[in-house]
Structures are given as C-alpha cells and as structure tokens.
Amino acid sequence: MRTFRLALLDSRGADRFERVQQFIGADASGAFGILAGHAPMIVALRYGLARFLDDAGAWHYLALPAGILRLDRDDLRVVTVRYFLGDEPGALLDRLAREMAQHDSDLSAARQILAKIDRMLIRRLADLEGRGTMAAESIAQ
C-alpha cells in the first residue's frame, strides 16, 4: 500500500512519521479520511481526536485543541498550539482537557492581574493630573 509522510508541529517541537497509510481527522463539517495520493487540501481541525495508521498496521491517536492540517504531494502537516500523541484515546482526551483547563486558569489569572494594573495606572494618572491642576492654580494665584 502507498504511504505518505506526516509531520506534527506544536509549540514544543515536532514529531515525524515517514510511512503513514491513513489519517482520520475532523473539521466543522465532520470526520474525513486521507490516503496517499489524496488531492491537496487545507483544513481547520476541531478540538478532539485524530488518528493515523502506520505502515506496520498500528493506530496512533492525536489529541489537540484545534489545528491546521495541510496536505500537499503526500506530505501531511498538522500545526497546533499543543498536541498529545499516544495509543490510548481516552487518556489522551483526559490529558488534553486537563491541559486546556490549566491554560484557561492561567489566562484568567493573567487577565485579573492586567485588570488590576490598569486600575492602578488609571488611579496614578488621575493623581498626577490632579497635582498638575493644583500646581497650575497655585501659579496663577
């Protein structure tokens, strides 16, 4: 059977597979499959699982929050912020959910800190503006 190359890329690095027989993923319209010789395509992958079959007949699973899939001349690339690769789909989805929850928590904390800094800066600017007005009034008198 013909095969194609698969590259998985995220913020931590990359994994490459030279002989993939089949890739199954999902976008907003549903699941789709890719075999060697497939027409070129670019797809926005949705949150969840994708899987691929290597040339030894083993399925491997990929959990990702979303991503972009690009296929051109039997060279398939999946680019995402973060992915988890393994052979246990349930464990991968749990890991992805934990990672996304932690990311959301970190993002929420960062937003709260930025809001506090904004409030402090506004108060400081108001104080400085008030002092400038008072200094101008005393000069005028």
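Quick caveat, the model's predicted, so the values are computed rather than measured. Hydrogens, waters and symmetry mates are skipped; everything else that's a heavy atom, side chains included, is used.
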Legend entry - Evaluation steps, side-chain contact (heavy atoms from CB on, under 4.5 Å), between Leu69 and Ile34: CA-CA 11 Å; Leu69 176 148; Ile34 296 173; 4.0 Å; yes
Inset, instruction - Apply side chain to side chain contact (heavy atoms under 4.5 Å, CB included) to Leu125 and list each qualifying residue two or more places apart in sequence or on a separate chain. - result: none
Legend entry - Cluster companions of Ile68 among Ile, Leu, Val, Met, Phe, Trp, Tyr (side-chain spacing under 4.5 Å): Ile42
Legend entry - Distance in Å, Tyr61 OH paired with Arg51 CZ, rounded so as to fall on 0.5 Å steps: 5.5 Å
Legend entry - Derivation and outcome, side-chain contact (heavy atoms from CB on, under 4.5 Å), residues Leu49 and Leu93: CA-CA 7 Å; Leu49 280 178; Leu93 281 175; 3.8 Å; yes
Legend entry - Hphob cluster co-occupancy, Leu45 + Leu85, side-chain heavy atoms under 4.5 angstrom: yes
Inset, instruction - Taking all non-hydrogen atoms of both residues into account, name the closest pair between Gly67 and Thr80 and its distance. - result: CA-CB, 4.1 Å
Legend entry - side chain to side chain contact (heavy atoms under 4.5 Å, CB included) against Arg95, all qualifying residues, sequence neighbours excluded: Phe84, Arg98
Legend entry - Between OH on residue Tyr83 and CG on residue Leu62, distance to nearest 0.5 Å: 7.5 Å
Inset, instruction - Provide the full list of ring pair (Phe, Tyr, Trp, His ring centres under 6.0 Å) pairs with a residue in residues 62-81, sequence neighbours left out, each pair given once. - result: none
Legend entry - Asp94: partners by salt bridge (Lys or Arg N to Asp or Glu O under 4.0 Å), with sequence neighbours left out: none
Legend entry - By side chain to side chain donor-acceptor pair (under 3.5 Å) - contacts of Arg2 (at least two apart): Asp74
Inset, instruction - Quick one: closest heavy-atom pair of Gly25 and Ala50, and the distance? - result: CA-CB, 4.1 Å
Legend entry - Same cluster (ILVMFWY, side-chain, under 4.5 Å), Leu76 and Met41: yes
Inset, instruction - For residues 2-45, pull every pair meeting ring pair (Phe, Tyr, Trp, His ring centres under 6.0 Å), keeping only residues two or more places apart or in separate chains. - result: Phe17-Phe52
Inset, instruction - Among residues two or more places apart or on two chains, list those pairs meeting salt bridge (charged side-chain N to carboxylate O under 4.0 Å, His left out) that have a residue in residues 13-34. - result: Arg19-Asp55
Inset, instruction - Return yes if some donor-acceptor pair links the side-chain N/O of Thr3 with the main-chain N/O of Val20 below 3.5 Å, else return no. - result: no
Inset, instruction - Taking side chain to side chain donor-acceptor pair (under 3.5 Å) as the test, write out the residues that go with Asp87, two or more places apart. - result: His60
Inset, instruction - Not counting sequence neighbours, which residues clear side chain to side chain contact (heavy atoms under 4.5 Å, CB included) with Leu35? List them please. - result: Gln22
Inset, instruction - Check the surroundings of atom CZ in Arg73: do more than 12 heavy atoms from other residues, nucleotides or ligands lie under 6.0 Å from it? - result: no
Legend entry - Side chain proximity check, Asp72 to Arg70, heavy atoms < 4.5 angstrom: yes
Inset, instruction - Identify, with sequence neighbours excluded, every residue that meets side chain to side chain contact (heavy atoms under 4.5 Å, CB included) alongside Arg119. - result: Ala115, Lys116, Arg123
Legend entry - Reported CZ-to-CG distance for the pair Arg82 and Asp10, which is rounded to 0.5 angstrom: 6.5 Å
Inset, instruction - Please report the C-alpha distance between Val78 and Leu6 in whole Å, then the side-chain angles of each, then the deciding distance to 0.1 Å, and finally whether the side-chain contact (heavy atoms from CB on, under 4.5 Å) criterion is met. - result: CA-CA 8 Å; Val78 174; Leu6 170 62; 4.3 Å; yes
Inset, instruction - State which residues pass salt bridge (Lys or Arg N to Asp or Glu O under 4.0 Å) with Arg77; sequence neighbours excluded, sorted by chain then number. - result: Asp75
